[in-house]
Amino acid sequence: MFKSVKGTKDILPSESALWQYVEKIAREVFHRFNYKEIRTPIFEHTGLFSRSIGELTDIVGKEMYTFLDRSEESVTLKPEGTASVIRSYIQHNLTEEQPLVKVYYISPMFRQERPQAGRLRQFHQFGAEAIGASTPETDVEIIALIVEMYRSFSLNNFSVKINSVGCENCRPQYKTLLQNELRKISSQLSPESQNRIEKNPLRVLDSKNEKDRELTENVPLIYNYLCENCHQHFEKLKSILTHLTISYQIDGRLVRGLDYYTKTAFEITSNELGSQDALAGGGRYDLLVQELGGKPTPSVGFAAGIERLIMILEKKQDIQIPKTHPKLFIAAADDNSREYVFQKTMELRRKEISVEMDFLQRSLKAQMREANRQQAEYVLVIGIQERETQKGKIKNLSDGSEKEIDLTKIEI
RNA sequence: GUGGCCAUAGUUCAGUUGGUUAGAACGCCAGGUUGUGGCCCUGGAGGUCGUGGGUUCAAAUCCCAUUGGUCACCCCA
């Protein structure tokens, strides 16, 4: 028997209503903030990701689904959304149409990691990018959008963590400083952290290893070493957040795993999840557009994991997920009436009413049971008598009441 | 990629120190005066016990491997 590939999952009919609900709310919130949808292909030239995400990151180094197509070209299933969006932005010169482009996406992503709760190999994210604005207001809009989003899902137990990771002017100096400090304690750190001192020293700071945490307790944090520009940006960001009554925590150890981030970095975590507790993450990436061959274009964006959101929503009892049910079930009382039932069913469906009937030659009792299981609002039984008189009784399944109707003009 | 735990009907699980035809609940199907659902009652279908190998007279049960799941690390949304 064939099984789905490791780390992939079917969304079955019983679960799809929840997914549709999530996508619907997400779109509504994006539209409220005037972000427009962009749909990019699920695979790209491999170089796009190694260039944007960073050669040295784990995503590029060991997690991408990369393969040669039939013309020997290396392509990769997208491991994240931003690179594709920026590629498209540059390719189609969207900058010429308007100075600030605000787009969102809802899409599957692919990373070959060891599957775990809230982490699949094909997973889904929604996210947004505001391309072309350097103002801290834009960063705040993105954060406010995420907060609004989770409020719209009636989530309460999440927190917003922010940090600044500096820019090309101040980060290199801080990086050197940090590396020097870390080298002093290198031998006591975990192997992973030791490895990162040279590759990506900032990541040592958000190690989950307790001993690493203790050892780096007094290491200088970047927000004390920001250049004037980055400092001002961060101060303004915090002040606007406060004015908008969006609560946040500063986390000087918060670092993004992708290389392209500058200045603002943020993460939304939930205490209702396991160790994969990040619901959403993002930040500013002022250098990415030019890195990918476009004009210098300051931008900010975020991505959120849909599976993780759904894990939380599944635990909630109080949310109402709209499910689809037939409005009417037409049952045949005898075999000779089945054709007429099909005619009536189609007639009403053409009038845009959701109607179901029996296709399994079942008894009337079984048809009634089926109508009930399908949670149809009404049932109409048609037999010889109804066909002769063109009159029938339509039954309301929730209260059992019946109403006489004319079969030539059914209205419900 | 590393480590712990787990794998029995569609689902959630039981299965005593290895011992005859592997059970329950829910779900599914049919019936309960031949034209009316939900509740209740009766009956039925459904499993080569994840897969492969080994130990044994005998394996769902013990051993090994493998695959998948799960939790943590790593990484990240």
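In what follows, chains carry the letters A, B, and so on, assigned in the order in which the sequence lines appear, proteins first and then strands, with residues in each chain numbered from 1. The structure displayed is predicted, hence computed values, not measured ones.
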Can a donor-acceptor pair be found between the side chains of [X] and [Y] at a distance below 3.5 Å?
X	Y	result
Q194(A)	S187(A)	no
N157(A)	S270(A)	no
D212(A)	S190(A)	yes

Please determine if [X] and [Y] form a salt bridge, counting it only when a charged side-chain N lies under 4.0 Å from a carboxylate O.
X	Y	value
D334(A)	R387(A)	yes
E141(A)	K102(A)	yes
E113(A)	K62(A)	no
D251(A)	R253(A)	no
E386(A)	K344(A)	no
R350(A)	E352(A)	no

Does anything in [range] form a salt bridge (charged side-chain N to carboxylate O under 4.0 Å, His left out)? List the pairs, not counting sequence neighbours.
range	answer
residues 304-313 of chain A	none
residues 238-248 of chain A	E235(A)-K238(A)
residues 147-173 of chain A	R32(A)-E148(A), E148(A)-R151(A)
residues 10-21 of chain A	K9(A)-E15(A)

Contact class for [X] vs. all strands (heavy atom < 4.0 Å): base, sugar-phosphate, or nothing?
X	value
G127(A)	nothing
Q276(A)	base
Q374(A)	nothing
A331(A)	nothing
A280(A)	sugar-phosphate
L397(A)	base
G118(A)	base
K393(A)	nothing
T8(A)	nothing
G7(A)	sugar-phosphate
Q385(A)	base

Give every residue pair that meets the side chain to side chain donor-acceptor pair (under 3.5 Å) criterion with at least one member in residues 400-412 of chain A, sequence neighbours excluded. D399(A)-S401(A), D406(A)-T408(A)
Determine the interatomic distance between [atom1] on [N] and the same-named atom on [M]; round to the nearest Å.
N	M	atom1	result
U61(B)	C6(B)	C1'	15 Å
G4(B)	U8(B)	C1'	23 Å
A22(B)	U48(B)	C1'	12 Å
C73(B)	C64(B)	C1'	27 Å
U51(B)	A72(B)	P	29 Å
G15(B)	U20(B)	P	16 Å
G10(B)	A77(B)	P	39 Å
U11(B)	G47(B)	P	13 Å

[X] [atom1] to [N] [atom2], straight-line distance once rounded to whole Å:
X	N	atom1	atom2	value
Y65(A)	C76(B)	OH	P	17 Å
E192(A)	C74(B)	CD	C1'	6 Å
M311(A)	A77(B)	CE	C1'	12 Å
D277(A)	C71(B)	CG	C1'	15 Å
D58(A)	C74(B)	CG	C1'	7 Å
L120(A)	G69(B)	CG	C1'	12 Å

Students often mix this up, so state it plainly: with edges at 30° and 60°, are the rings of F359(A) and F342(A) parallel, tilted or perpendicular? perpendicular
In terms of the angle between their ring planes, are Y104(A) and F30(A) parallel, tilted or perpendicular, with boundaries placed at 30° and 60°? parallel
Is R51(A) atom CZ crowded by more than 12 heavy atoms from other residues, nucleotides or ligands, each under 6.0 Å away? no
Do other residues, nucleotides or ligands put more than 12 heavy atoms under 6.0 Å from the NE2 atom of H45(A)? no
Is the shortest side-chain heavy-atom distance between K315(A) and E272(A) below 4.5 Å? yes
Let's go through R213(A) and D206(A) carefully: what are the C-alpha distance in whole Å and the side-chain angles of both, what is the deciding distance for salt bridge (charged side-chain N to carboxylate O under 4.0 Å, His left out) to 0.1 Å, and is it a yes or a no? CA-CA 8 Å; R213(A) 285 275 183 181; D206(A) 77 342; over 6 Å; no
I'd like a table of atom pairs between the protein and nucleotides 1-4 of chain B - only N or O on both sides, under 3.5 Å - with the distance next to each one.
unit_1: U2(B); atom_1: O4; unit_2: R114(A); atom_2: NH1; d: 2.6
unit_1: G3(B); atom_1: O6; unit_2: R114(A); atom_2: NH2; d: 3.3

For S275(A) and C73(B), is the shortest distance between a side-chain N/O and OP1 or OP2 below 4.0 Å? yes
The nucleotide from C76(B), C74(B), G35(B) with an atom nearest the side chain of R308(A) is C76(B)
Tell me, which of residues 335-347 of chain A have any heavy atom that sits under 4.0 Å from an atom in RNA chain B? none
For residues 298-305 of chain A, which residues have at least one heavy atom under 4.0 Å from RNA chain B? A303(A), G305(A)
Using the test side-chain contact (heavy atoms from CB on, under 4.5 Å), find all partners of R362(A) that sit at least two apart in sequence or belong to another chain. D358(A), L360(A), A366(A), Q367(A), E370(A), R373(A)
Fill in the dot-bracket string of RNA chain B, one character per base: . for unpaired, | for a pair to another strand, ( ) or [ ] for pairs within the strand, taking Watson-Crick or G-U pairs under 3.5 Å. (((((((..((((.....[...)))).(((((.......))))).....(((((..]....))))))))))))....
Reading nucleotides 43-51 of chain B 5' to 3', which nucleotides get B (base under 4.0 Å from a protein heavy atom), which S (sugar-phosphate only), which -? ---------
Letter per nucleotide, 5' to 3', of nucleotides 28-34 of chain B [B base touched, S only sugar-phosphate touched, - untouched; heavy atoms, 4.0 Å]: SSSSB--
5′-ward residue of the pair S4(A)/A117(A) relative to RNA chain B: S4(A)
Do N372(A) and G37(B) have a side chain to base donor-acceptor pair shorter than 3.5 Å? yes
